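Lettering of chains follows the sequences in order, A, B, ..., and the numbering in each one begins at 1. Everything numeric here is computed off the predicted structure, so don't read it as measured data.
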Amino acid sequence: MDKIRIDSLSKTYASKVGRVRALENINLTIGHNEFVTLVGPSGCGKSTLLKVIGALIKPSRGRIIFDEAPLLKPTADVGIVFQEPVLLLWRTVLDNVLLPAEILRLDKAKAKKRAMALLKLVGLEGFETRHPDELSGGMQQRVALCRALIHDPSVLLMDEPFAALDPMTREELGFELLRIWDVEKKTVVFVTHSIPEAILLADRVVAMSPRPGAIARILDIDLARPRTLDMQFTDKFKSYSDEIRAVIHRRAGGSAP
Amino acid sequence: MTIELPAGIADDEEVEELTSSPSPARTYLTATLTLMALIGAWEICARWANLPAWLLPSPSAIADAVADWRWELLQHFLVTFSETLLGFGLAIVVSIPLAVAIVYSPILQMTIYPILLALQSMPKVAIAPLFALWIGFGMMPKILVVFLVSFFPIIVATERGLTSVPPPLMELIRSLSASPLQTFIKIRFPTAMPQIFTGFKIAITLSVIGAVIGEFVGAQSGLGYLILLASSQSRTPLAFGALLCLTVMSILLYYAVELIERLVVPWAKKT
Ligand SMILES: Nc1ncnc2c1ncn2[C@@H]1O[C@H](COP(=O)(O)OP(=O)(O)O)[C@@H](O)[C@H]1O
Ligand SMILES: [Mg+2]
């Protein structure tokens, strides 16, 4: 069964300098518990697509089918992680994780138990009473991930969540995400502009090209799980990466078909 | 001063200091000593030049005046202090809810707020004579001048603070379908707090000035009144004494606000 169906979706922004065509006729089906990465150069509409999937902005044309029903307003069945952790500085780590549970008025005791378990899962056991400014960037992003998972949504939307981190932390968190995804089965839509990251994490890579944002190619990633860093050096990985690189720059580079 | 060295570091080893700027304690000490030296120099110069006290009194003459007039000074201090606090409090009570209303109401944003921003550049203290004309010479016109000067920094800071929530955070909150009240209480207001306090700190300093100007225009009490009276009678040491009291009041109020800030918004960025 499909989790999310994106149906001939287009998005045009009206801005001061005129209309910006951000997305053009996107069709994509995302399966239950599938890990999909959206990869493409900056400005190709990845964030826009993610926001439309989260019903944070309305499409100009087309629609999103979520659990077999048209998605008209934001649903709590979605957890979101952005590039910036945007934690609340006045709250402890634990209370930051609990924010969605408070807003959704979930059972307090249960939510707290789940928050502690999630923090343990990301290796932040013992940091519950710390404040965000006492944590490193990677730790803050782990807290943001726990916050996105606290209400146990079935879909996780991530917009370049590791892009602001140093390369080592970035790799580390990527594998951690996969480990969590193994424990807490979720449908993940993960935006990145790093091709290796996109391949290493995904079941399927959706390669996008800009002006206007469109799907250039969809690749099934046939690499065994659990994924390892070594896989980057295999021929298969390299051919995926070459293929993606070729299509996402084709229209942008001007050598149009 | 001895510094305990961690094991493994020999006494004669040169240890790189972490901070390049001097410690706050040392800065306080040097500043205090400098101040004392300046006062001493003033005293010596005043005595040596034998200036008349009405022109420039020596620090000791000012100290004498303060000692002689301590009860009167205290009384006037309390008047000015009350005017300042009442005006400042009134400004808080009016401007914060108004800022909230402006942030939440597109109509107010298009009507009232631009007018307020334009009025902000008006020299508010210049209205003081009109207040005296309209309401007389009691405490009320002074309170209103204080209100007026502290109102603008607070409302502007609150408006800025309330609208400074990072867009991704707003999106996160929206994805959870949070109610406007939840958004305000859990996100917007706490986010605005540090900036609101920045507004308070600007406002409290202006408040004291506002009260004094209000008193200059017409009053029977207050430190501003006392300065005016003393200088008109060439009792310069007393005028300086009153000025000293005003300075102390300004500093006290500023640090009181800062102390409250530290207690209420410990997460505010230290500047
Ligand atoms: N709110 C907006 N108003 C106008 N144009 C926008 C807005 N958001 C994004 N855009 C434009 O839409 C295009 C796609 O943006 P975005 O989805 O952020 O791309 P990406 O995340 O891939 O970098 C860009 O050209 C961008 O300038
Ligand atoms: Mg983006």
Problem - Residue pair B:Ser177 / A:Pro74: nearest heavy atoms and the distance that separates them - result: OG-O, 3.7 Å
Problem - A:Arg21 atom CZ: more than 12 heavy-atom contacts under 6.0 Å - result: yes
Handout entry: A:Arg63 CZ: over 12 foreign heavy atoms closer than 6.0 Å
Key = no
Problem - Residue part contacting chain A, namely of B:Glu171, when any heavy atom lies under 4.5 Å - result: both
Handout entry: Interatomic distance, B:Leu176 atom CG to A:Arg147 atom CZ [nearest 0.5 angstrom]
Key = 9.0 Å
Handout entry: A:Leu88 side, atom CG; B:Thr191 side, atom OG1 - distance, nearest 0.5 Å
Key = 6.5 Å
Exercise for the section: Examine distances only and state if a side-chain atom of B:Arg174 and a backbone atom of A:Leu56 form a donor-acceptor pair shorter than 3.5 Å. Expected result: yes
Practice task
Find out whether B:Leu172 and A:Phe82 are in side-chain contact, i.e. whether some heavy atom of one side chain is under 4.5 Å from a heavy atom of the other.
Solution key: yes
Problem - Portion of B:Pro190 that has a non-hydrogen atom of chain A nearer than 4.5 angstrom - result: both
Handout entry: Enclosure of B:Leu263 CG (heavy-atom neighbours >12, cutoff 6.0 Å)
Key = yes
Handout entry: Check: B:Ser175 and A:Val78 side chains under 4.5 Å, non-hydrogen atoms
Key = no
Handout entry: A:Arg204 CZ: over 12 foreign heavy atoms closer than 6.0 Å
Key = yes
Practice task
Taking all heavy atoms of A:Arg105 and all of B:Gln182, pick out the closest pair and write down the distance.
Solution key: NH2-NE2, 3.5 Å
Problem - Flag if over 12 foreign heavy atoms under 6.0 Å of NZ, A:Lys113 - result: no
Practice task
Count the heavy atoms belonging to other residues, nucleotides or ligands that lie under 6.0 Å from CZ of A:Arg179, then report whether that count exceeds 12.
Solution key: yes
Exercise for the section: Pick one of side chain, backbone, both or neither for A:Leu157, based on which atoms fall under 4.5 Å of a heavy atom in chain B. Expected result: neither
Completion exercise
Cut-off 4.5 Å, heavy atoms of chain B, and the answer for A:Lys73 is neither
Handout entry: Euclidean distance, B:Ile173 CD1 relative to A:Ile80 CD1, rounded to 0.5 Å
Key = 10.0 Å
Practice task
Examine whether an atom of A:Gln83 lies under 4.5 Å from a heavy atom of chain B, and if so say whether it belongs to the side chain, the backbone or both; otherwise answer neither.
Solution key: neither
Completion exercise
Distance col, row B:Lys186:NZ vs A:Ile103:CD1, nearest 0.5 angstrom, shows 7.0 Å
